[in-house]
Protein chains: 2
Amino acid sequence: MQAKLKDIAQKSGYSITTVSRALAGYNDVNQQTREHIMQIASELGYQPNLPARQLRIQRTHTVGLIIPSYDHVFSNEFFSQLLLGVGDAASLERYDLLISTQVPGEDEMDAYRRMVGGNRVDGMVIARTRQNDPRIEYLKQQKRPFVVNGRRAPGEVSDFPYIDMDSYNGIQAVVAHFASLGHQQIGLILPPENMAFTEYRHQGYRDGLRAAGLDYRPDYVVYGDLLRTGGYSNANLLLDRQPQLTAIVACNDLMALGVMRALQERGLRVGADVAVSGYDDIPAAEYANPPLTTVHTPIYEIGQRLVRMLIALIDDQALDETQILLPGALIVRESSGGQRG
Amino acid sequence: MQAKLKDIAQKSGYSITTVSRALAGYNDVNQQTREHIMQIASELGYQPNLPARQLRIQRTHTVGLIIPSYDHVFSNEFFSQLLLGVGDAASLERYDLLISTQVPGEDEMDAYRRMVGGNRVDGMVIARTRQNDPRIEYLKQQKRPFVVNGRRAPGEVSDFPYIDMDSYNGIQAVVAHFASLGHQQIGLILPPENMAFTEYRHQGYRDGLRAAGLDYRPDYVVYGDLLRTGGYSNANLLLDRQPQLTAIVACNDLMALGVMRALQERGLRVGADVAVSGYDDIPAAEYANPPLTTVHTPIYEIGQRLVRMLIALIDDQALDETQILLPGALIVRESSGGQRG
DNA sequence: ACATTGATCCGAAACGTTTCGGATGTTCGC
DNA sequence: GCGAACATCCGAAACGTTTCGGATCAATGT
């Protein structure tokens, strides 16, 4: 049975108040008294009852993260790396990470209301912003601390603290790289249309083509689902309609892995016949067969920084920077193939 | 400002008690009264204060999982898949998942004491059992519900509910497979010595050799760290000392990926020159270059089943099965190479 | 009219911890 | 001896929800 302050008070002869103050390091407790109390607490294996403490101090020392759950999408290394960054940074600050996996939609919003409205967490981390993101609207309306990996769509004011990748320039660099290899028929598999970052990548592709003196072809562009299955099916769709394509830019690595699968099943060689790029540089990009060209996203570090920002907000401290845009380095691997005529 | 029961009581004219009972569905509240109260609760966006409720009912509806954190080891897809299985099953039961990432050792044990002793969680999931696992000893001593992915070491009584892979037979199947391809010099990279499952895999390797009429060579066996870096360095160690090796069994996929890196850097072809196998069948095994032979572990499903078992324990329900050993299917991919003379 | 039953509502206490605002005792200075 | 200052300890109330054990009222049966 778990010991309580009351048990230590009984065993030590001091009041519950003194026991609490002694364990909390209050300086109006005699040193010997403190040591005696701490000894008994240790013997009894005392741990403070956290719901009681949380209720009293109105703080849980917990960061909330609700993970979108589609179909094992969590095996998506983007989220696992983010989660590790968040978790490690939280642990360093003596915070825990509370997770709920929810299919986006009403269940997800219920989970936000429960966690935030129920004072279960001190603040939230949000990732993968959507257009008119209801999560952000709810948190702003509740005036509760939160930080975001992502911005609103181009042209909209992002009125919250965020860390995002400059994916506009990242995709532009991919297109420039493929153009420099001689590719003139470059396809694009975008994220879902409702994602806030989709249009940044779309614009990066357009401007990359323009800079390379290539025409934008809408029929070379499809919307995907950020999953390997979406990469696979959309690569097939693109290649069925546009067999002249010699390169495909997928807007994340997981879709790129699906593109590679589709190419291989069609007897096309990745790189040699069709160049492929992903985005994010998840570990699987490097292990892939062949290794995948991508744009590096420091996912783990983003997770860490988000937590540090969030805890500063929770503590009512000013942030050094409230909106951070990180550049992403192009990582060229074998899926680019070589120079072509 | 978050509405409380008291606010609803004031606005409705009923007592706090009646408001609480109405929202909880007690049948001694008039239907009209209930509807009136629920309308006000909805208008005010009421959410129950969860620390208060948890303190009162002595239940948090939370599963705890402390993730070992070495050096981004969480990017290990074993844990991310387990976590997703755990998280999805928990969500289905209206449970949250509380995570702390901790380096194994005293900080980790402090986190267990805080979560369990502080009534932060209703039960714990433990993975990757160690010899004399202090986590298990603590939870047994506390008489708190927990479930384990893994058993104690061979010959020891596992006196707790678990789900484990039959890795003895899994590794034996790998060895048999390599032997059937004609390999006679088969190396082994084990998990760390302090892992409870290491000796099952070691025994599977020995018995697989014996069944194939091959001698056990202790100098073909090293202990690794379950990380890619350990696979890499131990493959180099083995091949420096035993250049005649034509196959290497790594006891998890991540180490196998490191083996493959080491081979490739030595100008050796994976499969053709040295066959490689991992264990677990994480997604990266399939994407690897070349695709990795492995033994399938249904990690996500294990996570789900563990949570169902745990919640049954929390609810004082009998388990259908308290100790489950799952077979793992051999998945042959290109890293095996072909028949050799 | 009185007692019983049923419907409906509610006060009080519990959960365990924290901390405000004293209360008490001792010592020292005047 | 008295008052002030200091060291040390502590009672009470707060946090928000739940639920036990009534309390009250109206209707019905005797």
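The chains referred to below are lettered A, B, ... by the order of the sequence lines, with proteins before strands, and numbering in each begins at 1.
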message: Under the rule for ring pair (Phe, Tyr, Trp, His ring centres under 6.0 Å), what residues qualify as partners of Phe146(A), not counting sequence neighbours?
response: none
task: Give a yes or no on whether a salt bridge exists between Arg59(A) and Asp315(A), defined as a side-chain N under 4.0 angstrom from a carboxylate O.
output: yes
task: Please determine if Glu321(B) and Arg308(B) form a salt bridge, counting it only when a charged side-chain N lies under 4.0 Å from a carboxylate O.
output: no
- prompt: Heavy atom of residues 52-60 of chain A under 4.0 Å from DNA chain D: which residues?
  reply: Leu55(A), Arg56(A), Gln58(A)
message: So for the helix from dA1(C)-dT30(D) to dC30(C)-dG1(D), with five pairs setting each end axis, what is the inter-axis angle to 10°?
response: 80°
- prompt: Around atom CD of Gln317(A), are there more than 12 heavy atoms of other residues, nucleotides or ligands at under 6.0 Å?
  reply: yes
Contact interval (first through last nucleotide) of DNA chain C with protein chain B, 4.0 Å heavy-atom: dT8(C) to dG16(C)
field: Neighbour count >12 (heavy atoms, 6.0 Å) for atom CE, Met109(B)
entry: yes
- request: Let me know, please, whether Leu5(A) or Arg21(A) comes out on the 5' side of the other along DNA chain C by nearest nucleotide.
  value: Leu5(A)
query: Are the charged groups of Arg128(A) and Glu108(A) less than 4.0 angstrom apart, N to O?
result: no
Evaluation steps, side-chain hydrogen bond (donor to acceptor under 3.5 Å, both in side chains), between Asp88(A) and Tyr300(A): CA-CA 9 Å; Asp88(A) 281 352; Tyr300(A) 175 83; 2.7 Å; yes
message: According to ring-ring contact (aromatic ring centres under 6.0 Å, His included), does anything in residues 14-34 of chain B pair up with another residue at least two apart or in another chain? List the pairs.
response: none
- prompt: What parts of residues 10-18 of chain A reach DNA chain D, counting only heavy atoms under 4.0 Å away?
  reply: Tyr14(A), Ser15(A), Thr17(A), Thr18(A)
field: For Thr60(A), side-chain hydrogen bond (donor to acceptor under 3.5 Å, both in side chains) partners two or more places apart
entry: Thr62(A), Asp122(A)
- prompt: More than 12 non-hydrogen atoms from neighbouring residues, nucleotides or ligands closer than 6.0 Å to CG on Asp159(A), yes or no?
  reply: yes
- request: Mind checking the CD1-CD1 spacing from Ile99(B) to Ile99(A)? Nearest 0.5 Å is all I need.
  value: 3.5 Å
message: Going by side-chain hydrogen bond (donor to acceptor under 3.5 Å, both in side chains), name the residues that satisfy it together with Gln31(A), two or more places apart in sequence or in a different chain.
response: Arg34(A), Glu35(A)
- request: Any pair with a residue in residues 93-142 of chain A that passes ring-ring contact (aromatic ring centres under 6.0 Å, His included), sequence neighbours left out, goes on the list, sorted by first then second residue, please.
  value: His61(A)-Tyr95(A)
query: Where along residues 38-49 of chain B does a heavy atom fall under 4.0 Å from DNA chain D?
result: Tyr46(B), Pro48(B), Asn49(B)
- line: With sequence neighbours left out, the residues meeting side-chain hydrogen bond (donor to acceptor under 3.5 Å, both in side chains) with Arg21(A) are Asp28(A)
- prompt: Does a donor on one side chain sit under 3.5 Å from an acceptor on the other, for Glu43(A) and Gln39(A)?
  reply: yes
- request: Could you list by number each residue of residues 22-29 of chain B showing a heavy-atom separation from DNA chain C of less than 4.0 Å, or answer none if no residue does?
  value: Asp28(B), Val29(B)
message: Between Arg120(B) and Gln54(B), is the side chain to side chain contact (heavy atoms under 4.5 Å, CB included) condition met? List the steps.
response: CA-CA 9 Å; Arg120(B) 194 75 209 275; Gln54(B) 288 164 7; 5.8 Å; no
query: Hey, what do you get for CD1 (Ile163(A)) to CG (Leu306(A)), rounding to the nearest 0.5 Å?
result: 4.0 Å
